[in-house]
Each structure stands twice: as C-alpha cells, then as structure tokens.
Amino acid sequence: MSTTIGDSTLEHSSQEQRRRTPWSLVVVHHTDKQFRGKRVAVAPDEPVYLGRESRLFGEGGLNDPRVSRKHARIGLDRNGVLRIEDHDSRNGTYVNGRKLTTPKTLNANDVVRLGSILLLAQPCPAAFESHGHPVLIGDSFALHQVLEQIEKVAARPTTVLLLGETGTGKELAARAIHDLSGREGPFCPVNCGGMPDNLLSSELFGHVRGAFSGADRDRVGLCETASDGTLFLDEIGDASPTLQVGLLRFLQEGEVRRIGANKATKVNTRVVAATHRNLQGDEFRQDLYARIARAVIHLPPLRERLDDLPLLVDHFLGVYSEGSDGPPALHWRLVHQLLRYHWPRNVRELQMFVERLAMETTGQDGPLEMPAVLERLLEAEPELAAPAAAPAAPAAAPAKRRPRPDADELRRLLADVDGNVTALATELGVGRNTLYRWLKAASIDLDDVRGSDDG
C-alpha cells in the first residue's frame with residue numbers, strides 16, 4: 001500500500017510540475033530577420049491559432065505565402081502538456097519534418113514548420129531580461145541564466161568552477177568573469193592536462209635558477225603573474241595528484257613558493273577552474289574540490305540552447321564568409337537540419353561546420369542550402385538520427401525494417417515527411433545511405449520532391 005501511495009504522490013508531483021512549467025514558442029527561421037528570435041508564451045487553457053491572421057509575433061510575424069490564415073492551433077491542456085494540431089491548412093503543418101495528420105504533443109526542442117517559418121518549442125518563460133554579451137553569443141533563456149550567474153559572481157573574489165561538456169565555451173565564460181570583475185591584473189589561462197607534470201608545475205608556480213637541470217634563470221609562474229588578475233585552470237579534472245596538492249596549498253595559503261625557493265610570495269590571484277568531468281569521485285581530492293567549487297556555473301550544451309543556433313551560425317558566417325555584405329541568408333531546410341542535429345561537440349563543432357559551409361558555398365546565389373559534401377558528412381554521424389530534445393527522454397526502440405517500397409510509394413512517403421530523408425529512413429527502419437540508394441534506383445530526385453515546397 002505504501003508503494004502505491006508513494007507512486008501516486010510522485011505522479012501528482014510530476015503533474016503539478018508540468019502545470020507550473022511555462023512554455024514558449026521561439027522564431028528560429030523567418031525570411032524577415034526582424035522576427036527571428038521573437039518569442040511568445042503559450043498560455044494554459046487558451047489555445048491560439050498560428051497563421052497569417054495571428055499577431056502573436058507582431059504585425060507580419062507569420063506572413064508567408066504558403067501559410068494559411070488559420071494554419072494550426074496550439075495550446076496547453078490542464079495538465080500542462082503542449083499540443084498542436086493542423087487546422088485544415090493548405091500546405092500542412094510539420095513537426096520535426098513530419099506532416100501532422102492528428103494532434104501531437106510537443107516536447108522540448110521540437111521544431112514546428114509553417115511554410116518556411118520555423119518555430120522552436122521551449123519549456124521556459126517567453127519574457128526575461130536579455131543580458132547580451134559580445135562574445136557569449138545568444139539570446140536563449142539557458143544562456144541568460146548563465147550570464148546572470150556570471151554577473152553575480154564576477155566582482156567577488158570567490159573561486160568559480162565552470163562545468164560543461166567539451167566545446168560549450170568554458171574559457172569564454174571565464175574571460176567574461178574576468179572582464180566583469182574589475183581586476184586590473186591579466187587573465188592567465190593554462191590547461192591542466194596539456195603538458196607533463198613537471199613542466200606544468202613550473203608553468204604554474206615558477207622556479208628559481210638552478211632548481212633543476214635546465215633552470216638557467218628565475219621564472220615567474222602564472223599563479224604569481226595573475227596576481228590582481230585571474231588564473232584560469234582549464235580541465236582541472238586532468239590535474240595529477242601531485243599537482244592537486246600544490247594547487248590546494250596555493251588556494252589555502254594565498255601564496256606561491258617557486259620551485260627551489262626558500263620563501264613564499266603572497267599573491268592576490270582570483271581562480272576560475274573548468275572541467276567536463278565529475279570531480280566528486282574518488283580520483284579528485286575533495287578538499288581541493290571544496291576550495292574551487294565555492295560558486296558553480298553549469299554551461300549548457302548547444303542542444304539545450306538551440307534557439308541560439310541561428311544567431312551563432314550568422315556570427316560564424318560573418319567571420320568566415322567573403323565580402324562585406326553581411327552573412328548570407330539560410331534556406332529553412334538547412335536551418336531545420338541543423339536544429340535536428342545533436343551537436344555532440346557543441347559550439348566548437350558548429351563553428352567548424354560553418355567554416356566548411358562558408359568554403360563550400362562561396363559565390364552561391366540565393367539562400368544557402370546544405371551542400372552535398374556536408375550532408376554526407378552529417379550522415380556519417382550517428383548522432384544525426386537522434387532528436388535534439390531533452391536528454392532525459394527515453395530512447396525509442398529501433399524501427400523494424402519494412403519491405404522496400406516501389407517508386408510510387410517512395411515518392412508518396414517522401415512527400416509525407418516533407419522530403420526529410422532522416423525521418424523516412426527511421427520510419428522504414430533503414431539507414432540513410434540505404435534510402436539514398438533506393439531513391440537513386442527509383443530515379444527520384446530529392447530536389448523535385450522538395451521543389452513544390454520551396455520558400
């Protein structure tokens with residue numbers, strides 16, 4: 001009986017949490033860039049229509065020649081579940097590349113398409129104060145929370161631990177903390193796993209002449225150089241046990257003893273550390289962890305701030321594209337593919353991708369679409385088939401392979417998923433490369449299938 005009561009309580013608590021969770025829709029692609037990034041709240045028990053008549057995103061916010069006056073309806077039910085349904089639109093409503101035939105529940109990071117307009121479902125408030133930052137690019141609620149935390153800790157002398165996956169911008173966040181701190185000393189970064197232990201100790205703590213073979217002169221270490229500034233210990237989880245002891249003493253005493261020296265030097269060094277590892281295990285000193293984790297900031301992976309992706313792409317295109325006319329426009333199909341990719345290496349991977357995109361599309365007229373070489377590159381990544389939704393969502397069981405459809409059925413199935421090869425391959429239970437071979441054998445040109453739906 002107690003188990004039943006407990007389960008019932010947990011279920012009730014989960015329902016209450018859903019009811020309290022605010023949902024918003026964010027414009028992530030629009031032919032008119034003034035509307036991109038605009039977001040609106042979805043109010044409970046007040047379903048609204050999405051279409052040309054809607055003024056949700058401002059005058060003209062959903063204007064598109066292929067969007068109906070009342071294209072789709074969206075709303076939260078009494079349990080806080082976000083649902084959408086097509087409203088007999090002329091060109092269909094699509095969620096994650098699949099055409100809606102029945103009402104559908106929306107999850108975090110689901111992509112809704114009306115014509116060429118892409119909307120992202122986000123479990124977060126629609127209205128919040130934008131902090132803006134010249135280097136940490138984005139306007140998402142997830143990044144807003146990070147910048148808010150940075151502003152709170154920046155002026156304090158306390159140590160800060162930045163946690164995040166590889167490529168999430170931990171060094172940029174550390175520099176932002178330093179820039180806002182008002183400290184007049186330098187920002188000194190060092191990678192704790194980037195060199196042998198003896199060299200790293202000398203790099204951090206310095207040495208005196210004759211301390212060891214090859215020490216032909218005194219050297220000031222970064223712990224001392226960063227006095228009145230900030231020492232950034234990147235990947236501190238890779239620090240050896242010996243180095244951890246030295247760092248603990250430095251943080252406890254606020255002084256540096258150079259290797260081979262007889263006395264220590266007092267310093268006023270602020271420390272920011274970063275890692276992608278879990279430091280609360282047996283391999284990392286917990287007394288050192290307590291010292292560096294006075295304030296902890298989690299950097300979200302790109303898949304948890306997808307509404308920032310178009311802004312990041314524009315930023316990197318501006319860096320890598322030739323000419324001075326600003327970043328080229330993106331076709332909605334390219335934006336859609338990028339939103340559905342998992343980005344396991346985060347913003348760093350996106351930056352490398354956009355650099356390749358800029359090279360492959362130099363001189364291309366019109367909105368940029370996915371070049372064939374880059375489409376094949378993403379096909380090789382198994383994460384592409386995984387939705388970029390909340391990481392807690394259970395993985396779907398692999399689809400059972402269906403018999404190979406004939407050419408007519410392939411055309412029909414492809415049209416049903418709006419030309420989305422990934423979605424159709426998943427439905428048929430085959431790999432993307434297999435489906436491409438079938439399309440080639442059936443003489444089906446993807447551009448012809450998608451051509452009637454351009455925008």
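Please read these numbers as outputs of a predicted model, since none were measured by experiment.
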Please tabulate, for the side chains in residues 143-153, all donor-acceptor contacts under 3.5 angstrom to protein atoms that are two or more places apart in sequence or on a different chain.
| unit_1 | atom_1 | unit_2 | atom_2 | d |
| --- | --- | --- | --- | --- |
| His144 | ND1 | Glu129 | O | 2.9 |
| Glu151 | OE1 | His131 | ND1 | 3.2 |
| Glu151 | OE2 | His131 | ND1 | 2.9 |

Scan the side chains in residues 157-174 for donor-acceptor partners under 3.5 Å anywhere in the protein, sequence neighbours excluded, and list what turns up.
| unit_1 | atom_1 | unit_2 | atom_2 | d |
| --- | --- | --- | --- | --- |
| Thr159 | OG1 | Arg291 | O | 2.5 |
| Glu165 | OE1 | Arg303 | NH1 | 3.3 |
| Glu165 | OE1 | Asn346 | ND2 | 3.2 |
| Glu165 | OE2 | Arg303 | NH2 | 2.5 |
| Thr168 | OG1 | Glu165 | O | 2.7 |
| Lys170 | NZ | Gly164 | O | 3.1 |
| Lys170 | NZ | Glu165 | O | 3.1 |
| Glu171 | OE2 | Arg175 | NH2 | 3.4 |

Name each donor-acceptor pair under 3.5 Å that joins a side chain in residues 185-195 to protein atoms two or more places apart or in another chain, with its distance.
| unit_1 | atom_1 | unit_2 | atom_2 | d |
| --- | --- | --- | --- | --- |
| Asn191 | OD1 | Gly193 | N | 2.9 |
| Asn191 | OD1 | Gly194 | N | 3.4 |

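For His178 (side chain) and Gly229 (main-chain N/O), no donor-acceptor pair under 3.5 Å exists by modelled atom type. Of the possible donor and acceptor atoms, one in the side chain of Arg55 sits under 3.5 Å from a partner among the backbone N and O of Glu53.
Counting heavy atoms from C-beta outward, Leu357 and Leu334 have side chains that approach closer than 4.5 Å. Under the 4.5 Å side-chain criterion, counting only non-hydrogen atoms from C-beta, Arg36 is in contact with Leu311. Between Val67 and Leu50 there is no side-chain heavy-atom pair separated by less than 4.5 Å. Put simply, the side chain of Ile137 does not reach to within 4.5 Å of the side chain of Val347, judged on heavy atoms. By the 4.5 Å heavy-atom criterion applied to side chains, Phe57 and Leu25 are counted as neighbours. Within the 4.5 Å cutoff, side-chain heavy atoms of Val111 are placed close to those of Leu120. At a threshold of 4.5 Å between non-hydrogen side-chain atoms, the residues Asp110 and Ile84 do not count as touching.
Residues passing the side-chain contact (heavy atoms from CB on, under 4.5 Å) test with Ser89, sequence neighbours excluded: Ser68, His71, Asp86, Thr93. Among residues two or more places apart in sequence or in another chain, the side-chain contact (heavy atoms from CB on, under 4.5 Å) test is passed with Tyr49 by Lys70, Arg73, His87.
Between Lys33 and Asp314, at least one side-chain N (NZ, or NE/NH1/NH2) sits under 4.0 Å from a carboxylate O, which counts as a salt bridge.
Each salt bridge (charged side-chain N to carboxylate O under 4.0 Å, His left out) pair with one or both residues in residues 178-188, not counting sequence neighbours, would appear here, but there are none.
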